[in-house]
Amino acid sequence: MKRHLGYYLLFLSAATTMGYASRRSAVDLDATPRTTIAYNDLTDVQCFRGRALNYTTLLLEDETGMLYIGARGAIFSLNSSNIADGSQRTIEWEASPEKRTDCLKKGKNNQTECFNHVRFLQRLNATHLYACGTYAFHPLCAAIDADKFTLPSHFEEGKEKCPYDPARGYTGLIVDGGLYTATRYEFRSLPDIRRNLHQRPLKTEESPLHWLNDAEFVASVLVRESVHSPLGDDDKIYYFFMERAGEESASIFDKGQAARVARVARVCKSDLGGKKILQRKWTSFMKARLACYIPYYEVLKSVSSLLGGDWLNTVFYAAFTLSAQWRSMEVSAVCRYNISEIRAAFEGPYMEYQESSRKWSRYNGAVPEPRPGACITNRARGNGFNSSQDLPNGVLDFVKLHPLMYEEVKPVGREPLLVKKNVIYTQVAVDRVLARDGQQYDVLFMGTGDGWLHKGVVVDSAVHIVEETQLFRDPQPIETLVLSSLQRNLYVGAQSGVLQLPLAACRRYLSCYDCILARDPYCGWDGEGCRELAEAADRNRLIQDVLHGNRGCWNDSAQGAAVQKNRTVLRDDDVLLQCDQPSNLARAAWLVNGTEPLAEGGQSHFRLGVDGLLVMAAQPEHSGEYRCYAEERGLRSLLAAYTLLVLPAPLPPPTAPLPSLRTAGLAAGDGRLIYIAVIMVLGGLCLALSVVLLYTSCLQRRKGKYVLDNPQASSSSSVELQTLSANCLGKGREEEEEGGRYSDGCLQIIPGEAPPAASPSKETTPTLLPPPPPPLPAEFTNGIATLPNMLRKMNGNSYMLLRQSDEPCPSPLYSSSFTEELSKILEKRKHTQLVEKLDESSV
Ligand SMILES: *[C@@H]1O[C@H](CO)[C@@H](O)[C@H](O)[C@H]1NC(C)=O
Ligand SMILES: *[C@@H]1O[C@H](CO)[C@@H](O)[C@H](O)[C@H]1NC(C)=O
Ligand SMILES: *[C@@H]1O[C@H](CO)[C@@H](O)[C@H](O)[C@H]1NC(C)=O
Ligand SMILES: *[C@@H]1O[C@H](CO)[C@@H](O)[C@H](O)[C@H]1NC(C)=O
Ligand SMILES: *[C@@H]1O[C@H](CO)[C@@H](O)[C@H](O)[C@H]1NC(C)=O
Ligand SMILES: *[C@@H]1O[C@H](CO)[C@@H](O)[C@H](O)[C@H]1NC(C)=O
Ligand SMILES: *[C@@H]1O[C@H](CO)[C@@H](O)[C@H](O)[C@H]1NC(C)=O
Ligand SMILES: *[C@@H]1O[C@H](CO)[C@@H](O)[C@H](O)[C@H]1NC(C)=O
Ligand SMILES: *[C@@H]1O[C@H](CO)[C@@H](O)[C@H](O)[C@H]1NC(C)=O
């Protein structure tokens with residue numbers, strides 16, 4: 001506890017010292033995904049799994065409709081419109097046995113490392129792809145004919161192009177024939193940004209200052225800044241990475257170990273290196289700090305860029321997690337950066353390393369001309385500097401010693417768009433969508449460390465998470481996300497395979513309100529269903545409200561999807577009126593006879609649960625119309641309507657053997673009899689429980705939702721188990737009063753309205769007679785006398801509401817605090833969304 005407090009204080013002080021005190025409320029600090037889609041509810045997903053593992057390198061070519069995948073020991077070529085159509089081609093590319101033996105001798109892991117992990121795969125020219133693999137710590141590269149799709153006979157040395165270590169941070173691009181890669185290439189070498197396959201290969205400078213300190217690269221992006229540039233500017237390649245911080249402010253927190261910071265660096269495409277100074281080195285390398293949430297305590301995980309139209313509109317989205325200092329806290333943040341602000345940092349003041357004090361500080365001296373690190377522009381050309389080789393020595397010397405900029409790059413709005421607890425975002429991909437309102441919205445797809453995908457839409461300066469989807473049954477990090485706006489697909493690479501899923505699944509939303517509230521810019525309501533804008537014949541007819549998420553459905557009563565049901569129970573029974581909220585952001589509101597009973601409080605008979613309203617010990621006066629609404633963003637939509645009828649079944653005289661036994665025992669004052677009675681109670685309980693568990697487990701539908709009964713589903717299960725009662729009905733009077741409709745026995749199963757489609761052949765128990773005469777399954781009549789009053793299915797679990805109605809015999813087990821505890825646990829479990837399957841043993 002103290003530890004946590006300490007971290008928290010540190011966190012706060014860090015946040016305030018850095019001027020990043022959050023202006024957001026605590027609620028904002030943890031965005032809740034609106035809907036949760038579990039693995040078994042996935043639809044429209046295509047999956048590709050070859051024999052290989054580690055599908056980490058994806059290359060999508062929208063023009064040809066191909067998706068190439070680099071995996072461990074193989075390269076695949078798939079049809080991007082359906083990666084699972086069986087038309088794939090495979091190149092087996094395993095490390096040779098000799099190289100594997102070498103690798104094992106070096107003490108490397110024979111399970112993960114001594115393989116050929118394909119880490120680079122890009123288009124080289126019209127006919128060839130270029131691929132590099134770690135080849136058991138002996139990197140190799142090859143130009144692959146894309147049509148023949150076979151390995152060439154000749155390989156190239158990969159040492160300067162591909163990392164030897166499959167886990168090492170790496171990024172690479174082919175730009176106009178040049179291969180731009182960044183990683184730590186070999187065990188002994190320093191991390192380096194290199195250009196190969198070019199008449200002027202270049203690398204970063206190592207002395208006297210390291211331009212890169214133990215850098216782990218995350219991403220690189222080409223921005224074509226030369227296009228329509230009035231300055232005659234050059235194209236630039238931006239690099240995003242983590243490295244050890246040398247700056248003064250970095251030592252505030254970590255006296256001992258050096259803090260690591262996120263950086264953005266860039267080089268110019270036409271850089272040719274210097275003539276004498278910085279020969280074969282970049283003359284245009286510059287780097288700046290990249291801040292998101294809490295600088296020095298965040299780890300950059302992924303960067304995705306949107307190069308919309310004019311390069312000036314380029315934005316970068318970056319996912320960060322808090323670093324190991326917060327081991328006990330898993331927090332992710334997403335920030336947006338604007339290229340103009342990155343450029344501003346590179347055009348601002350430089351930092352300087354003072355040998356005497358061993359510190360970096362702002363450089364305030366004179367800056368030579370042309371500006372060090374800048375690309376060659378028209379102005380430089382006008383002054384006679386046609387290329388970097390013409391640059392004066394003074395400029396190059398300055399470049400050598402001043403790689404770092406003074407200004408840091410802050411996110412747009414000076415704060416993260418999204419902060420999410422208990423999640424590690426490993427990947428982010430972004431799409432820009434033109435919505436019905438004429439605005440463009442950025443849609444983020446964020447992969448997590450345990451195989452989930454969060455889809456969010458950026459509205460104003462925050463992210464609304466539309467949905468979270470479990471993509472893999474076995475938790476595994478999402479390693480690559482590639483988006484095709486053309487195919488409207490997302491491709492997901494992970495250890496066990498590659499998935500293809502549509503960018504939007506609008507049909508999931510069943511009502512106009514649901515469709516609007518989702519705020520999914522891909523989706524709109526056409527009066528009958530939620531449709532994809534891209535597929536609609538007339539998109540202007542669709543109703544959509546991404547901005548507010550609650551407008552447009554005026555005419556739509558949203559009643560279509562509501563369930564109408566009758567419930568008939570006996571007095572003193574408990575009944576669950578089921579009402580599942582489709583949204584995690586919605587609040588359930590119940591109206592009874594048109595008024596709100598739960599707002600008044602103190603209604604001890606009602607309990608509002610996560611999947612419905614529990615009426616406990618129902619009395620005849622509780623009969624009435626119950627309506628369940630979802631309240632979200634000020635909209636109220638009807639989800640279910642029940643007509644509850646509580647039959648005034650009088651409490652019977654205790655005919656069951658147990659109560660009489662107990663009475664006798666008590667009368668005799670014989671403790672042993674009570675003991676026996678308790679054993680019998682427990683025994684009966686066990687029996688009953690197992691019978692009902694068996695019964696209900698047969699009803700378990702495909703997992704997914706936590707409800708047993710889904711009224712919208714067409715393939716419904718047969719029986720909805722709603723109420724069980726142990727009220728033992730006497731044989732005589734009741735039978736007469738109720739017209740002989742109740743037979744004897746102590747357990748009543750009153751089925752809910754079984755969907756009419758339920759086929760009789762599926763029925764395993766003869767319980768399906770129309771209510772109100774509650775039929776009695778013969779096999780349940782025996783030995784259930786001791787069953788406590790409630791046994792219920794909730795959230796896919798069976799549980800008992802233990803309550804002593806007849807016997808004023810207080811027992812710790814039978815107290816209502818136990819039931820409270822249970823429902824608390826159940827509610828918690830429902831919100832623990834990462835638990836894929838709730839099973840009986842968990843409660
Ligand atoms: C490759 O996959 C295996 C098994 O899923 C995993 O243990 C290993 O860490 C992965 N290797 C890399 C480099 O991702
Ligand atoms: C991919 O599949 C689609 C539909 O099956 C087909 O029309 C298309 O020609 C295929 N593309 C390639 C490159 O094979
Ligand atoms: C890998 O190494 C472990 C321990 O060194 C050994 O037990 C195992 O058999 C090896 N596996 C393979 C596939 O060589
Ligand atoms: C593409 O590159 C490969 C390998 O360098 C080369 O053999 C081939 O001729 C090139 N193709 C074209 C069209 O330039
Ligand atoms: C980038 O930021 C600047 C200044 O904050 C702003 O004027 C500009 O509109 C932004 N550009 C984009 C594409 O967001
Ligand atoms: C730069 O190029 C211009 C025009 O191509 C040429 O006239 C000039 O001599 C060149 N300058 C140098 C320093 O090479
Ligand atoms: C709503 O209903 C009114 C009258 O019934 C109709 O004139 C109007 O076009 C409807 N609006 C929408 C969006 O359907
Ligand atoms: C519920 O009961 C009412 C009156 O008893 C009846 O009219 C209605 O059809 C019943 N509804 C269902 C869904 O069974
Ligand atoms: C609802 O109305 C009915 C008849 O109007 C009444 O008998 C019943 O007690 C009411 N129920 C509640 C919970 O107020």
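Whatever order the structure lists them in is the order used to number ligands and atoms, beginning at 1.
Evaluated for a side chain to side chain contact (heavy atoms under 4.5 Å, CB included) with Ile277, the options Thr283, Val395, Leu396 yield exactly one hit, Leu396.
The SG atoms of Cys579 and Cys628 sit under 2.5 Å apart. For a disulfide, the SG atoms of both cysteines must be under 2.5 angstrom apart; this holds for Cys132 and Cys141.
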Using the rule given for ring-ring contact (aromatic ring centres under 6.0 Å, His included), can you reason through Phe76 versus Tyr68, listing the C-alpha separation, both sets of side-chain angles and the distance that settles it, and then say yes or no?
CA-CA 6 Å; Phe76 302 96; Tyr68 299 98; over 10 Å; no
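Using bins of under 30°, 30° to 60° and over 60° for the plane-to-plane angle, the ring pair Tyr130/Phe120 lands in the perpendicular bin.
Close N/O approach between Ser81 and ligand 2 is found [any backbone or side-chain N/O within under 3.5 Å]. Of the polar atoms of Tyr626, none of the N or O atoms is found under 3.5 Å from an N or O of ligand 9, judged by distance alone.
Stacking of Arg636 on the aromatic ring of Tyr629 is recorded, both the 6.0 Å distance cut-off and the 45° axial limit being met.
For atom 11 (N) of ligand 2, the closest non-hydrogen atom of the protein is Asn79 ND2, 3.0 Å. The shortest contact between atom 6 (C) of ligand 9 and any protein heavy atom is with Asn593 ND2, 4.1 Å. From the protein, the heavy atom lying nearest to atom 14 (O) of ligand 6 is Asn386 ND2, 3.6 Å. The protein heavy-atom contact nearest to atom 7 (O) of ligand 9 is Ser623 O, 4.7 Å. Looking at atom 13 (C) of ligand 2, its nearest protein heavy atom turns out to be Met66 SD, 3.6 Å.
Within the 6.0 Å centre-distance limit, the rings of His622 and Phe606 are counted as a close aromatic pair. Proximity of the aromatic rings of Tyr39 and Phe472 is defined here by a centroid distance below 6.0 angstrom, and this criterion is not met.
Heavy-atom distances between Ser87 and ligand 2 stay at or above 4.0 Å for every pair.
Put simply, atom 9 (O) of ligand 6 has no protein non-hydrogen atoms near it, under 4.0 Å away. The nearest protein heavy atom to atom 2 (O) of ligand 9 is closer than 4.0 Å.
Shown in contact with Val592 at under 4.0 Å from a heavy atom are these atoms of ligand 9, numbered in order with element: 13 (C). Using a 4.0 Å cut-off to heavy atoms of Glu621, the atoms of ligand 9 that qualify are 8 (C), 9 (O), 11 (N), 12 (C), 13 (C).
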